[in-house]
2 protein chains.
Amino acid sequence: MLSNQSKYAIRAVLYLAIHSDVKNKIGTKEIAEKIDIPAPFLAKTLQSLSKAKLIHSIKGPNGGFYLNKEDQKKNLLDIIECIDGLRKFNECFIGLPRCSDENPCAIHHVVKPFKESLIKELTTNTIEDFAKETQKGKSFIFLK
Amino acid sequence: MLSNQSKYAIRAVLYLAIHSDVKNKIGTKEIAEKIDIPAPFLAKTLQSLSKAKLIHSIKGPNGGFYLNKEDQKKNLLDIIECIDGLRKFNECFIGLPRCSDENPCAIHHVVKPFKESLIKELTTNTIEDFAKETQKGKSFIFLK
DNA sequence: ATATAAAAAGACATTTTTATCTTTATATTT
DNA sequence: AAATATAAAGATAAAAATGTCTTTTTATAT
Ligand code: FES
Ligand code: FES
């Protein structure tokens, strides 16, 4: 479904949502170790998110990445859109040139409801919402 | 979501479901042209399905691929499983080493219901079912 | 001011996916 | 039996995704 890069991005952003703020920036090395993904690739990924202003960063000693209050209010589809684009969510499940109710593919009616509700879930919940569930210990962003 | 190869496989199988039977075999060239995908890649794909006995084939003049009665009763997850495997459907949405209710990732609860219902739709409907809807003109497997 | 630590940028390498081409095996038709 | 059409198998190529390494820039601390 998602690319590895998007998955990494989501996990990293949730990690930042829980552990960072403007006073506590976190470097790629720490994040990569904690969520167990390749550090250089993560760096690239976070730089993309940063360029898109979905997260923020400061260079130099004590620098690193962090989420500010506004960033916390964004949603996971914003993250996915930045890394993978939304094509996956708009395109036909079996590869027809377009996906529409007017010209549905053979499995459009079976697939579309899920696609739509998933998008809704990913947009109506904020990053902060997901982070809170994780902080409560009800869910995880890494497993030992 | 699905690989191109799985998408091609599904469209090709639906094409066969509609146009072929043991008396009317169809070659890769015709299928590839009709559903507008690369013929050599499709050949590879159909060979995999054939080896898995999900579809059938006969070599030589007037040979080709076809679906027999049993094949028509199979479902699309069988096709996907043969080409992509089921890993995609079992694995965690954000890439944790496993997906489970006991150790849910941050978005497990949001994603899992869709995954399960989608699997149900793809397994309870047969290939024949989808083909019939297409034959009735209610859905398509190619668009001009 | 200088040294340092970190992101940013860019170049490079590997793997996977996608696609093509060539040869071989095998049914069918003549 | 021979010719032919087609799937099957295998080898190769191209593109995309993933991953690594090196250099540059910049904010901070000394
Ligand atoms: S047309 Fe195929 S999923 Fe909508
Ligand atoms: S644990 Fe992540 S989707 Fe189930």
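Comparing B/Lys51 and A/Ala39, the nucleotide of DNA chain D nearest to each residue sits closer to the 5' end for B/Lys51. Projected onto DNA chain C by closest heavy-atom contact, A/Ala43 and A/Asn62 fall at different nucleotides, the more 5' of which corresponds to A/Asn62. Summary of the strand contacts: A/Ser3 and B/Gly64 both lie near DNA chain D, and taking for each the nucleotide with the nearest heavy atom, the more 5' one is attributed to B/Gly64.
Of the side-chain N and O atoms in B/Thr28, one or more sit less than 4.0 angstrom from OP1 or OP2 of D/dA7. Within the 4.0 Å cut-off from OP1 or OP2 of C/dA8, at least one side-chain nitrogen or oxygen of A/Ser50 is found. Taking 4.0 angstrom as the limit, A/Ser57 places a side-chain polar atom (N or O) nearer than this to OP1 or OP2 of C/dA8. Phosphate proximity of C/dT18 to B/Tyr8: absent, as no side-chain N or O sits under 4.0 Å from OP1 or OP2.
Here B/Lys44 lies in heavy-atom contact (under 4.0 Å) with a base. Using a 4.0 Å heavy-atom cutoff across all strands shown, B/Leu42 reaches no nucleic acid atom at all. Residue contacts shown for A/Gly63 are limited to sugar-phosphate atoms, with no base heavy atom under 4.0 Å away. Contact annotation for B/Pro40: base contact, defined as any heavy-atom pair under 4.0 Å involving a base atom. Using a 4.0 Å heavy-atom criterion, one finds that B/Ile37 contacts no nucleic acid atom at all.
Other residues, nucleotides and ligands contribute more than 12 heavy atoms inside 6.0 Å of the CG atom of B/Asn24. Within a 6.0 Å radius of CG in A/Asp36, no more than 12 heavy atoms belonging to other residues, nucleotides or ligands are found.
Rounded to whole Å, atom P of D/dT6 lies 12 Å from atom CD1 of B/Ile31. To the nearest angstrom, P of C/dA7 lies 13 Å from OH of A/Tyr66. B/Asp84 has its CG atom 8 Å from the P atom of C/dT18, to the nearest Å. At whole-Å resolution of the value, CG in A/Asn24 and P in C/dA6 are 14 Å apart. With rounding to whole Å, B/Ile83 atom CD1 is found 11 Å from C/dT18 atom P. Rounded to an integer number of Å, the gap from NZ of B/Lys29 to P of D/dT4 is 16 Å. Straight-line distance from the CD atom of A/Gln5 to the C1' atom of D/dT18: 8 Å, rounded to whole Å. Residue B/Leu2 contributes atom CG, which lies 17 Å from atom C1' of C/dT16 at whole-angstrom precision.
Between the side chain of A/Gln47 and the base of C/dA7 there is no donor-acceptor pair of N/O atoms closer than 3.5 Å.
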Query raised in the report: Should B/Asn75 and B/Thr123 be marked as a side-chain hydrogen bond (donor to acceptor under 3.5 Å, both in side chains) after you check the CA-CA gap, both sets of side-chain angles, and the distance that decides it?
Result: CA-CA 5 Å; B/Asn75 64 59; B/Thr123 50; 5.4 Å; no
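The side chain of B/Lys59 sits closest to C/dA25 out of C/dA8, D/dT20, C/dA25. Minimum atom distance to the side chain of A/Ile58 is reached by D/dA27, of the listed D/dA27, C/dT20, C/dA27. Proximity note for A/Pro61 (side chain, C-beta onward) versus C/dA19, C/dT26, D/dT28: the nearest is D/dT28. When each of D/dG19, C/dA7, C/dA19 is scored by its nearest atom to the side-chain atoms of B/Pro38, the top-ranked nucleotide is C/dA19. The side chain of B/Phe65 approaches D/dA8 more closely than any other nucleotide in the set C/dA7, D/dA8, D/dT20.
In this structure, A/Lys132 does not pair ionically with A/Asp129, as no charged nitrogen and carboxylate oxygen lie closer than 4.0 Å. For the pair B/Lys7 and A/Glu91, the salt-bridge criterion is met [side-chain N within less than 4.0 Å of a carboxylate O].
A side chain to side chain donor-acceptor pair (under 3.5 Å) with A/Glu128 is found for one member of A/Lys69, A/Lys73, A/Gln72 and no other, namely A/Lys73.
Pair check for D/dT30 finds C/dA1; Watson-Crick or G-U wobble, both atom distances under 3.5 Å.
Taking the six-membered ring for Trp and thresholds of 30 and 60 degrees, A/Phe41 and A/Tyr8 have ring planes more than 60 degrees apart, a perpendicular arrangement.
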